[in-house]
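Here's the structure we're looking at; comments come further down.
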Amino acid sequence: MKRLLFFPLLALLVVGCAPKASVELPPLFTDNMVFQQNTSAPVWGTTAPKAKVTVCPSWDGKNYTTIADPDGKWSVNIDTPEGNYDSYTLTISAGKDPVTIKDVLVGEVWLCSGQSNMEMPVESWRAVRINKEDIEKASDYPYLRLLYVTKTTGMSPRDNFVAENDGWTKSEPSTVRTFSAVAYYFGRALQEKLQVPVGVIESCWGGTIIEAWISEGGLKAFPETLPGIEKVKTLSESEIDRENTFRKEMDRFVAKEKTDDKGLDGDKPLWAAPGFDDSSWKIMRLPEKVQTLWPDLNGVFWFRKEVDIPASWAGKDLSLSLGPIDDFDETYLDGTLVGKGTQWNKAREYVVPGNIVKAGKSVLCIRVTDDHGNGGLYGSADLMFLEGPDGKKLPLDGNWRVEMSLSFKDRPVNTAREPNLMSVLYNAMINPLVPYSIKGAVWYQGESNAGKAHRYRDLLPAMINDWRSAWGEDFPFYIVQLTGYTPVKDSPAESSWAELREAQDLASKSLEKVGVACAIDLGEADDIHPVRKIEVGDRLALLALTNDYGRKTVAEGPRFDSFSKESGSIRVKFTSVADGLRVMPSGEFAEPRYGSVAVGSGLVKRAESGKLTGFQIAGADKVWYWADAVINGDEVVVSSKEVPDPVAVRYGWADNPVCNLFNSVGLPAYPFRTDDWQGITYGKL
């Protein structure tokens, strides 16, 4: 792993024959770079203290000069022309041995950031069949340039960063393979349509929270982040020092972990015993994440359920299916261990040996270690059952007793590598890019904040304002709305992912020049990283082309506008319908637009139905039912025989909704709700 250097060595620069340059530049300024067109673009670096620095771009031949400060830092702004396909040079000198940067282009520059769905490369193992042809043809786009910021953290704001490939690269198979698929396809679409060079900067890190991408100043409005901010201030800038401290702390924690688990007596599972009294435990309806009862907490959780085993099964091997468990489990029947699992996304299937199977009441107990993020038994109800030798199944979904035996609240964090600390990614991966002139930014993140979806309503606008403040410009900002994920649920239910999508959409309503690309149709039930990134990049580009480059297009799918109550139904009016609302025909979800790939179960289920789906309806009792929905012009009439007097409607309101409302240009409708029982409404009855 590369180490962060505060001004990279001359390998980052293209220097003539001189053994040493008179100036040093960050990797934003290398061969193949792209300047933002029609602007006053900053150029900066270091040299000798108080030296005179001259910057000369070949497009106008002017000499832009400045004097370095006592620390040798300097910055000067140069005027850039209108974007074109000419190749320029940029010469920078402070005395002898000038630095000449070659093949400099002028066009549009965009910053792309977020977590793993932004980081997912063009040649990810699951998408390689879809994107193989695009990789092979990457050299067909020589005016698309890429800059990849190496992942690193900073305990305080950094002045510089390390770039993969030592700086800007051309679009070609060797560089595109590992580059963000969303960023690449977004940039490619812009370059094709605008016919000017496009530079895309990738700065992202999988599994990260939004708080890590906001500066210390930007977080001060959130009191809950202040302890984390103060903790970061106490940490050494040395990664080696932080690693050594973590190892010592973790050794002490591991030694205590099993002794502190109230459910264990050494290796003996006290809470798995059939006679154990669990009457004081909480009740949870499984499958469900434990964070519904213990928000924001990780640790060890025990689940118990009494099952009634048929007499015909006694003494015979049984098959136990529990669905996927996040992260690890130890599963017992009447206190005897029957299986252990360590892979968070793999369904648990265990054999219960016949010698412990007796007729009548038995206790199934599962010890779940939720190491990080959301955890628990999160699969679908049909994956939870006990199957006998006769093929009959005893359902295991429904009410279970549950209790936490050990909290990981105070578990040591490896601060040497941990990106989810307050501001550390802003410090190391955003601050060094300021004030490089950009057109705008694209953001694909939120999965790691879904457990605090309501708070995201404030955090996302705060981050946008924070970045804009740093650059001193209210540049365009586009957000990818979360796709569907996790198994499709049979009944309407509350959804943290739906709330997170709502928070993303609200940012576009509260701030100027902010847009949201809907991707609700692109998700996969069994993988949080859906492969279809081409459509995501295209939809982001469509927003930019329409809002920032004057293209006359429909850039969004249908959007909720208003609703009115009728006799036994609710009429919902939409905007952005183009030539009308459409039901996505059966089968269109099963084949991605480019290539062919086996898709997740969520997409397959969507493709099975030709009728309009995804709507829910409720009366004043706040009980939700799937609704019948019929398109009527630019409106949808929603009703259910279960709700004679409806008051509210939801669409696409689930972690992984089955919804298929589109407009005539093939863009999906945005999820919405007309209710918010905390006090917000989006229409009047």
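Each residue takes its place number in the sequence, starting with 1. Values in this document were obtained by computation on a predicted structure and should not be read as measured data.
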Q. With the threshold set at 4.0 Å, does a side-chain nitrogen-carboxylate oxygen contact exist between Lys151 and Glu119?
A. yes
Q. Is the shortest distance from a Lys or Arg side-chain nitrogen in Glu216 or Lys233 to a carboxylate oxygen in the other one below 4.0 Å?
A. yes
Q) Roughly how far apart are Cys518 SG and Ile479 CD1, rounded to 0.5 Å? A) 12.5 Å
(Q) Below 30° counts as parallel, above 60° as perpendicular, anything between as tilted: where do the rings of Trp443 and Phe477 land? (A) tilted
Q) Strictly by modelled atom types, are Tyr436 and Gln36 linked by a side-chain donor-acceptor pair under 3.5 Å? A) no
(Q) Between Val99 and Leu90, is there a side-chain heavy-atom distance shorter than 4.5 Å? (A) no
Q: Ignoring hydrogens and angles, state whether a donor on the side chain of Tyr141 or Glu172 is under 3.5 Å from an acceptor on the partner side chain.
A: no
Q) Does a side-chain heavy-atom distance below 4.5 Å link Arg501 with Ile520? A) yes
(Q) With a 4.5 Å cut-off on side-chain heavy atoms, are Thr47 and Trp74 touching? (A) yes
Q.
What I want to check is whether the side chains of Lys102 and Asn32 have a donor and an acceptor closer together than 3.5 Å.
A. no
Q. Is the shortest side-chain N to carboxylate O distance from Glu224 to Arg455 below 4.0 Å?
A. yes
**Q.** Gap between atom NE2 of His454 and atom OG of Ser496 - 0.5 Å precision
**A.** 14.0 Å
**Q.** Atom pair CD/CD of Gln37 and Glu82 - distance to nearest 0.5 Å
**A.** 6.0 Å
Q | Nearest atoms (heavy-atom pairs only) where Asn420 meets Gly207 | A | ND2-O, 3.0 Å
Q | Leu482 CG to Gln504 CD distance, which is reported to the nearest 0.5 Å | A | 4.5 Å
Q.
To the closest 0.5 Å, what do you measure between CG (Leu147) and CE (Met33)?
A. 9.5 Å
Q: Measure the CG-OG1 distance between Asp60 and Thr80 for me, rounded to the nearest 0.5 Å.
A: 9.5 Å
Q: Begin from the C-alpha positions of Arg145 and Asp103 and carry the test salt bridge (Lys or Arg N to Asp or Glu O under 4.0 Å) through to its verdict.
A: CA-CA 11 Å; Arg145 303 294 170 84; Asp103 196 16; 3.1 Å; yes
**Q.** Full working for side chain to side chain contact (heavy atoms under 4.5 Å, CB included) between Tyr143 and Val34
**A.** CA-CA 9 Å; Tyr143 299 104; Val34 182; over 6 Å; no
Q) Can you check side chain to side chain contact (heavy atoms under 4.5 Å, CB included) on Asp327 and Thr369, steps first, answer last? A) CA-CA 6 Å; Asp327 293 280; Thr369 302; 5.9 Å; no
Q. Between Asn431 and Ser215, is a side chain to side chain contact (heavy atoms under 4.5 Å, CB included) present by the stated rule, with each step listed?
A. CA-CA 8 Å; Asn431 192 72; Ser215 72; over 6 Å; no
Q. Quick one: do the Asn449 and Glu211 side chains pair a donor with an acceptor below 3.5 Å?
A. yes
Q: Examine Lys513 relative to Tyr478 and say whether NZ or CZ is less than 6.0 Å from the centre of the six-membered ring and inside a 45° cone about the ring axis.
A: no
Q. Is the centre of the Phe29 ring less than 6.0 Å from the centre of the Trp168 ring?
A. no
Q. Has Arg411 got its NZ or CZ under 6.0 Å from the middle of the six-membered ring of Phe408, at an angle within 45 degrees of the ring axis?
A. yes
Q) In terms of side-chain heavy atoms, does Glu164 have a donor or acceptor partner in Thr150 at a distance below 3.5 Å? A) yes
Q. Is there a side-chain contact between Leu144 and Val200, using heavy atoms and a 4.5 Å cut-off?
A. yes
Q. Is Lys452 atom NZ crowded by more than 12 heavy atoms from other residues, nucleotides or ligands, each under 6.0 Å away?
A. no
(Q) We want to know whether Glu502 and Tyr670 form a side-chain donor-acceptor pair, criterion being a heavy-atom distance below 3.5 angstrom. (A) no
(Q) Less than 3.5 Å apart, any donor N or O on the side chain of Glu237 or Ser156 sitting next to an acceptor on the other? (A) yes
(Q) Strictly below 4.0 Å, N to O, side chains only: are Asp505 and Lys509 in salt-bridge contact? (A) yes
(Q) Using side-chain heavy atoms (C-beta onward) and a distance below 4.5 Å, is Val162 in contact with Thr152? (A) no
Q: Take Arg417 and Glu239 through the salt bridge (Lys or Arg N to Asp or Glu O under 4.0 Å) test and state the conclusion after the steps.
A: CA-CA 8 Å; Arg417 299 184 179 90; Glu239 184 176 311; 5.0 Å; no
Q: Check the side chains of Asn131 and Glu123 for a donor-acceptor pair under 3.5 angstrom, ignoring hydrogens and angles.
A: no
Q | Pair Thr208-Trp213, side-chain donor/acceptor within less than 3.5 Å | A | yes
Q. Does any non-hydrogen side-chain atom of Val43 lie less than 4.5 Å from one of Phe35?
A. yes
Result block: side-chain N/O donor-acceptor pairs under 3.5 angstrom for residues 48-59, not counting sequence neighbours:
unit_1, atom_1, unit_2, atom_2, d
Ser58, OG, Thr89, N, 2.9
Ser58, OG, Thr89, O, 3.4
Trp59, NE1, Asp79, O, 2.8

**Q.** Test side chain to side chain contact (heavy atoms under 4.5 Å, CB included) applied to Trp44 and Leu25, step by step
**A.** CA-CA 7 Å; Trp44 67 92; Leu25 304 171; over 6 Å; no
Q) How about Pro42 and Ser437: do any of their side-chain heavy atoms sit closer than 4.5 Å? A) yes
Q) Do Tyr426 and Ile214 come within less than 4.5 Å of each other through their side chains, counting heavy atoms only? A) no
Q | Glu535/Arg532 under salt bridge (Lys or Arg N to Asp or Glu O under 4.0 Å): CA gap, chis, key distance, verdict | A | CA-CA 6 Å; Glu535 289 91 337; Arg532 297 168 64 187; 3.4 Å; yes
Q. Are Tyr184 and Glu202 close enough, and set up right, to give a side chain to side chain donor-acceptor pair (under 3.5 Å), and what steps lead you there?
A. CA-CA 9 Å; Tyr184 177 74; Glu202 175 187 348; over 6 Å; no
Q: Would you check, one step at a time, whether the test salt bridge (Lys or Arg N to Asp or Glu O under 4.0 Å) holds for Asp655 with Lys289?
A: CA-CA 12 Å; Asp655 290 355; Lys289 300 180 285 288; 3.6 Å; yes
